[in-house]
Amino acid sequence: MALRFYNTLTQQMEVFTPLSDNVVKMYTCGPTVYNYVHIGNLRAFTSQDILRRWLAARGYKLDHVMNITDVEDKIIRSAAAAHKSIFEYTVTYTQAFLEDTAILRLQKPERVVKATDHIQEMVAAVEKLGERGFTYKSDGSVYYRIANFPGYGKLSHNDFSGIRAGARVDVDEYDKADARDFVLWKAKKDDEPGWDSPLGTGRPGWHIECSVMSMKYLGETLDIHAGGVDLIFPHHENEIAQSEALTGKQFVRYWLHSEHLIVEGQKMSKSLGNFYTLRDLLKMGYAPEAVRYLLASVPYRKKLNFTFDGLKAAATSIDRLRNYKLRLDTGKFPEGSNEKMVERTVVANKAFEEALDDDLNTAGALGAAFEYIRDTNTAMDSREFLAGNVKGALDFLARFDAVFDVLNPSVASGGLSDAEVDALVAERTAAKKSKNFKRADEIRAELAGKGIILEDTKEGVRWKR
Ligand code: AMP
Ligand code: ZN
């Protein structure tokens, strides 16, 4: 079966093919940099990382743009409260975001672009929308007249035809019940930041930046646009209205939206105060890989309920994966190759691929991997897994890790110095001599958990990272 995604626009599962050749033109809405991102935000970005990696595994080349929203209502309020310019204020959180995503092993998009670097282009887009009859001015601000765009509502599947013409909204965020003409350019108020332009001194509304930056770098029609479900309305609905009014062409072919991370039934969010940042969890001693595993383990269109038990279970699953790899790397297997095991590996690869092809069913892919691990471990115990089967299993793990990326321990997860490893190895050798095999096994497992592989040779113990 081919690679399929659920498209919010058509409300259907669709086979994915890019518009041109094998390059995927993809845009994702990045963070609003007014604070550290929480792990709810990071769930959305982790889903996008899994998407990127699976597209690459399927042979596609990525051209992925992500924006950084560095001018917006919340930023302006927070910067003012901190007595800083928005530039001074956002630079810290932009940096922190890039660090957090790197720690979580999220691949960096081909281009990460800032809203404030594209003000002139946004002004030009608003002027062009004006020439086409989609805007009007009121109190110095410029608004988008949604009644003039017949497709308004097609992404969020709402009928907005009855709404009052001319009713306006100035804030960046609002919900469906509040659907109104939205602001494209906000006249400068008091000591808010503002840019001089033919539209007057002001600043862009939130929505125009994504239309402008996506089309500037990717062209008028994108293959994929992704974000959290909370962005469907109004943000993405407004992006469509702006972009399609500008070009007369379809803006995005596949819209992918990830569900929320929730805590006790409620969306994790800054405003509810029920959030953890990645930094909080690392300080508590959790490894970044465990957070990554947890965020990736639930398919992106399902809600993910965050619990510490879930996080601990993620760490245990990673230990199992690493111990399995260690067994493959260092175990002594009888000569030959068992055809049954070869077939079992084919089945595992197929199940893994089919799960991810099915709208990135990560839970299914993990299930396929752990069933394979259980079956081959059993076969190793009964000496049916032979030396010639090792490579197939390692290749499967490599394919697995190209997507999940949890096998290598981060330094932050307890990377040991060479001297510390040597000391543990010496302790294990002493434990074995005194027939304390339990302690010897414990040490081996502890080292395995930190990505250190032991090999018992005639000359003594060798280890490698
Ligand atoms: P923001 O910085 O608020 O623009 O959000 C950045 C991304 O995080 C967006 O794609 C949001 O949809 C997403 N997001 C915000 N809260 C959550 C949550 N609790 N769970 C999952 N994604 C979220
Ligand atoms: Zn956006």
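None of the values given here were measured: they were computed from a predicted structure. Just so you know, ligand 1 is whichever comes first in the structure, and atom 1 is the first atom listed for that ligand.
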Worksheet, complete the sentence: For L261, the atoms of ligand 1 under 4.0 Å from one of its heavy atoms are 18 (C), 19 (N), 20 (N), 21 (C)
Worksheet item: Under 3.5 Å, N or O to N or O, is C29 touching ligand 1 that way?
Response: no
Worksheet item: If you count the atoms of ligand 1 from 1 in the order shown, which ones are under 4.0 Å from a heavy atom of P31?
Response: 2 (O)
Worksheet item: Out of curiosity, is H38 lining ligand 1, as in a heavy atom under 4.0 Å away?
Response: yes
Worksheet item: N67 versus C29: any side-chain heavy-atom pair under 4.5 Å?
Response: yes
Worksheet entry | Where ligand 1 meets G228 - atom numbers and elements under 4.0 angstrom, heavy-atom basis | 10 (O), 12 (O)
N/O donor-acceptor pairs under 3.5 Å from side chains in residues 12-26, not counting sequence neighbours:
{"residue": "E14", "atom": "OE1", "partner": "N7", "partner atom": "ND2", "Å": "3.3"}
{"residue": "E14", "atom": "OE2", "partner": "T10", "partner atom": "OG1", "Å": "2.4"}
{"residue": "N22", "atom": "ND2", "partner": "G59", "partner atom": "O", "Å": "3.1"}

Fill in: N or O pair under 3.5 Å between D230 and ligand 1
yes
Worksheet entry | Where the Zn ion (ligand 2) is the vertex, angle from H235 NE2 to C210 SG to 10° | 110°
Worksheet item: What protein heavy atom sits nearest atom 23 (C) of ligand 1, and how far away is it?
Response: G40 O, 3.4 Å
Discussion item. Is it the case that atom NZ in K114 sees more than 12 heavy atoms from other parts of the structure closer than 6.0 Å?
Written reply: no
Practice prompt. Give a yes-or-no answer on whether the side chains of D359 and Y300 include a donor-acceptor pair shorter than 3.5 Å.
Written response: yes
Worksheet entry | Polar atom proximity, N41 to ligand 1 (N or O, under 3.5 Å) | yes
Worksheet item: What is the closest protein heavy atom to atom 16 (N) of ligand 1, and at what distance does it sit?
Response: K267 CE, 3.5 Å
Worksheet entry | Pair T32-E72, side-chain donor/acceptor within less than 3.5 Å | no
Worksheet item: Is the Zn ion (ligand 2) under 2.8 Å from any N, O or S atom of H236?
Response: no
Worksheet item: Is the NZ atom of K108 crowded by more than 12 outside heavy atoms at less than 6.0 Å?
Response: no
Discussion item. Minimum distance, heavy atoms only, to atom 9 (C) of ligand 1: which one of V33, N35, L231 is it?
Written reply: L231
Item to complete: Have a look at ligand 1 and work out which part of E259, if any, has a heavy atom under 4.0 Å from it: side chain, backbone, both or neither.
Response: backbone
Worksheet item: Would you say E121 and M213 make side-chain contact, with heavy atoms under 4.5 Å?
Response: no
Discussion item. Within the 3.5 Å criterion, strictly below it, is a donor on E239 or H225 matched to an acceptor on the partner's side chain?
Written reply: yes
Item to complete: Check whether any N, O or S atom of C29, backbone or side chain, sits closer than 2.8 Å to the Zn ion (ligand 2).
Response: yes
Fill in: Shortest protein contact, atom 19 (N) of ligand 1 (heavy atom only)
M268 O, 2.8 Å
Worksheet entry | Heavy-atom neighbours of Q11 CD exceed 12 at 6.0 Å | yes
Worksheet entry | Nearest option to atom 1 (P) of ligand 1, as decided by whichever heavy atom of I232, T32, I68 sits closest | T32
Worksheet item: Do T277 and D280 have a side chain donor and acceptor closer than 3.5 Å?
Response: yes
